[in-house]
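Worksheet: the structure to be examined is printed underneath.
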Amino acid sequence: MNFSTDSNAVREEICRIGQSLFARGYVHASAGNISVRLDNGFLITPTGISKGFMTPDMLSMVDIKGNQLAGSWKRSSEFTTHAAIYETTPEAASVCHAHPVHAGAFAIKELQPPARLIPELEVFVGQVAVAGYQTPGSPEIAASIRPLAPHHQAIIMGCHGVICWGKSVEDAYFKMEITDAYCRTIILAQSLPGSASIPCEKMDDLLNIKKSMGLPDNRYELKNAELCEVDPW
């Protein structure tokens, strides 16, 4: 089976995003993977190839079980983790997995980034979830992602990296950028005096903005006091 012509633009976009991941240092060597949901299957990046040097012909088309339908390059071994998101989250049109350094620091601690510190994360990403370590590409890591994906667009995987989903290839990538920038800022802020955070009574404003954009969040039904049970510092 050959690629359909209507997938050409999407394959080119995946390569463009792959170049951005590489340029920003979010992936090294052949690490990371990007996928997108199409009407007739899923496009996924190849295994063993730098995301900064991909060309559209290197991508694979697979079904939800990971069976290769098109493309001569072997698909990423981590598609099963992407599939866990697609199966549980109908809104997910694309998935991006990478190893950004600052979010990766939280990953090796299996530490959830604190909330209520930067509005952009609250609106465009929400709470960043943490899944404990499992072998990359294994059924166990897919199982750990499955219950988290419908409520969290960015998930830190213990000792492994970050996986994000979005409503487009670019949107999934944006979640990755926002998450790592947030983690980087927190790491830097820890060395400074003070402990300011977004006031509890202002969180409803941010969540209402998010709801108006049709973005998921597991905190919509929480009261202000519940949103602020934990001091972010």
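Being a predicted model, the structure only gives us computed values, none of them experimental.
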Legend entry - Value rounded to 0.5 Å, distance of NE2 in H102 from OH in Y26: 9.0 Å
Inset, instruction - Indicate yes or no for a side-chain donor-acceptor contact from Q112 to the backbone of V128 under 3.5 Å, with no hydrogens or angles considered. - result: yes
Legend entry - Salt bridge flag under 4.0 Å for residues R219 and D217: yes
Inset, instruction - For the pair V95 and T81, evaluate side chain to side chain contact (heavy atoms under 4.5 Å, CB included) and give the outcome as yes or no after the intermediate values. - result: CA-CA 10 Å; V95 174; T81 312; over 6 Å; no
Inset, instruction - Measure the acute angle between the ring planes of Y86 and F42, then classify it against the limits of 30° and 60° as parallel, tilted or perpendicular. - result: tilted
Legend entry - R16/E13 salt bridge by N-O under 4.0 Å criterion: yes
Legend entry - Exercise: identify the closest heavy-atom pair between L117 and A196: CD2-O, 3.7 Å
Legend entry - Derivation and outcome, side chain to side chain contact (heavy atoms under 4.5 Å, CB included), residues Q153 and C164: CA-CA 5 Å; Q153 288 193 264; C164 300; 5.9 Å; no
Inset, instruction - Give a yes or no on whether the backbone of A107 and the side-chain of E110 come within a donor-acceptor separation of less than 3.5 Å. - result: no
Inset, instruction - Would you check if the side chain of N208 reaches a backbone N or O of D204 as a donor-acceptor pair within less than 3.5 Å? - result: yes
Inset, instruction - Report the relative orientation of the aromatic rings in H160 and H99; use parallel for angles under 30°, tilted for 30 to 60°, perpendicular for over 60°. - result: perpendicular
Inset, instruction - State, yes or no, whether a side-chain contact exists between H28 and F22 at a heavy-atom distance under 4.5 Å. - result: no
Legend entry - Donor-acceptor pair, side chain of D180 and main chain of A103, under 3.5 angstrom: yes
Inset, instruction - Given side chain to side chain contact (heavy atoms under 4.5 Å, CB included), test I141 with Y133 step by step and report yes or no. - result: CA-CA 7 Å; I141 196 168; Y133 175 79; over 6 Å; no
Legend entry - Gap separating the NZ atom of K167 from the CZ atom of R37, nearest 0.5 angstrom: 12.5 Å
Inset, instruction - Walk me through it: do V162 and C183 pass the test side chain to side chain contact (heavy atoms under 4.5 Å, CB included)? - result: CA-CA 12 Å; V162 185; C183 291; over 6 Å; no
Inset, instruction - Mind listing the closest non-hydrogen atom pair of M213 and F124 along with its distance? - result: CE-CE2, 3.4 Å
Legend entry - SB check K175 D171 (cutoff 4.0 Å): yes
Legend entry - Closest approach of W165 to H152 (non-hydrogen atoms, all atoms of both residues): NE1-O, 3.1 Å
Inset, instruction - Would you sort out whether S138 and E140 count as a side chain to side chain donor-acceptor pair (under 3.5 Å), showing the intermediate values? - result: CA-CA 5 Å; S138 67; E140 290 79 13; 3.3 Å; yes
Legend entry - Residue pair Y173 / R24, side-chain heavy-atom distance below 4.5 Å: yes
Inset, instruction - Using a strict cut-off of less than 4.0 Å between a Lys/Arg side-chain nitrogen and an Asp/Glu carboxylate oxygen, indicate whether R146 and E87 qualify as a salt bridge. - result: yes
Legend entry - Among I155, N33, L148, the one residue meeting side-chain contact (heavy atoms from CB on, under 4.5 Å) with I163: I155
Inset, instruction - Evaluate the pair C228, C200 and indicate whether the two SG atoms are within a distance below 2.5 Å. - result: yes
Legend entry - NZ-CG distance between K202 and L207, expressed to the nearest 0.5 angstrom: 14.0 Å
Legend entry - Atom pair CZ (R75) and CG (L43), whose distance is rounded to the nearest 0.5 Å: 13.5 Å
Legend entry - Cluster overlap I64 with V36, hydrophobic side-chain contacts below 4.5 Å: no
Legend entry - Any M157 side-chain heavy atom under 4.5 Å of H97 side chain: yes
Legend entry - Check: Q127/N218 side-chain N/O donor and acceptor closer than 3.5 Å: yes
Legend entry - Same cluster (ILVMFWY, side-chain, under 4.5 Å), F174 and V27: yes
Inset, instruction - Locate the shortest heavy-atom distance separating S35 from H82; write the atom from each residue and the value. - result: OG-ND1, 2.7 Å
Inset, instruction - Could you tell me whether the side chain of I34 reaches within less than 4.5 Å of the side chain of L21, counting heavy atoms only? - result: yes
Legend entry - For P232 against S197, the heavy-atom pair lying closest together: CG-CB, 3.6 Å
Legend entry - Side chain proximity check, Q190 to I186, heavy atoms < 4.5 angstrom: yes
Inset, instruction - Inspect the surroundings of CZ in R184 and state if more than 12 heavy atoms from other residues, nucleotides or ligands are less than 6.0 Å away. - result: no
Legend entry - same_hphob_cluster(L206, L222) at 4.5 Å side-chain heavy-atom cutoff: yes
Inset, instruction - Give a yes or no on this: more than 12 heavy atoms of other residues, nucleotides or ligands lie within 6.0 Å of atom CD of E201. - result: yes
Legend entry - Atom pair CD1 (I49) and OG1 (T47), whose distance is rounded to the nearest 0.5 Å: 8.5 Å
Inset, instruction - For T89 and E91, indicate whether the former's side chain and the latter's backbone hold a donor-acceptor pair under 3.5 Å. - result: no
Inset, instruction - To the nearest 0.5 Å, tell me how far C96 SG sits from K51 NZ. - result: 10.5 Å
Legend entry - Heavy-atom side-chain proximity of M61 to L38 below 4.5 angstrom: yes
Legend entry - Heavy-atom closest pair, residues L69 and V62: CD1-C, 3.8 Å
Legend entry - Contact check, side chains of S168 and S94, non-hydrogen atoms, under 4.5 Å: no
Legend entry - Side-chain donor-acceptor pair present, Q68, S60, cut-off under 3.5 Å: yes
Inset, instruction - Indicate yes or no for a side-chain donor-acceptor contact from Y182 to the backbone of P114 under 3.5 Å, with no hydrogens or angles considered. - result: yes
Inset, instruction - Would you mind reporting whether L59 and I44 have side-chain heavy atoms less than 4.5 Å apart? - result: no
Legend entry - Within one Ile-Leu-Val-Met-Phe-Trp-Tyr cluster: I108 and V130, side-chain cutoff 4.5 Å: no
Inset, instruction - May I ask whether I198 and I178 are part of the same hydrophobic cluster, defined by side-chain heavy atoms of I, L, V, M, F, W, Y residues being less than 4.5 angstrom apart, directly or through others? - result: yes
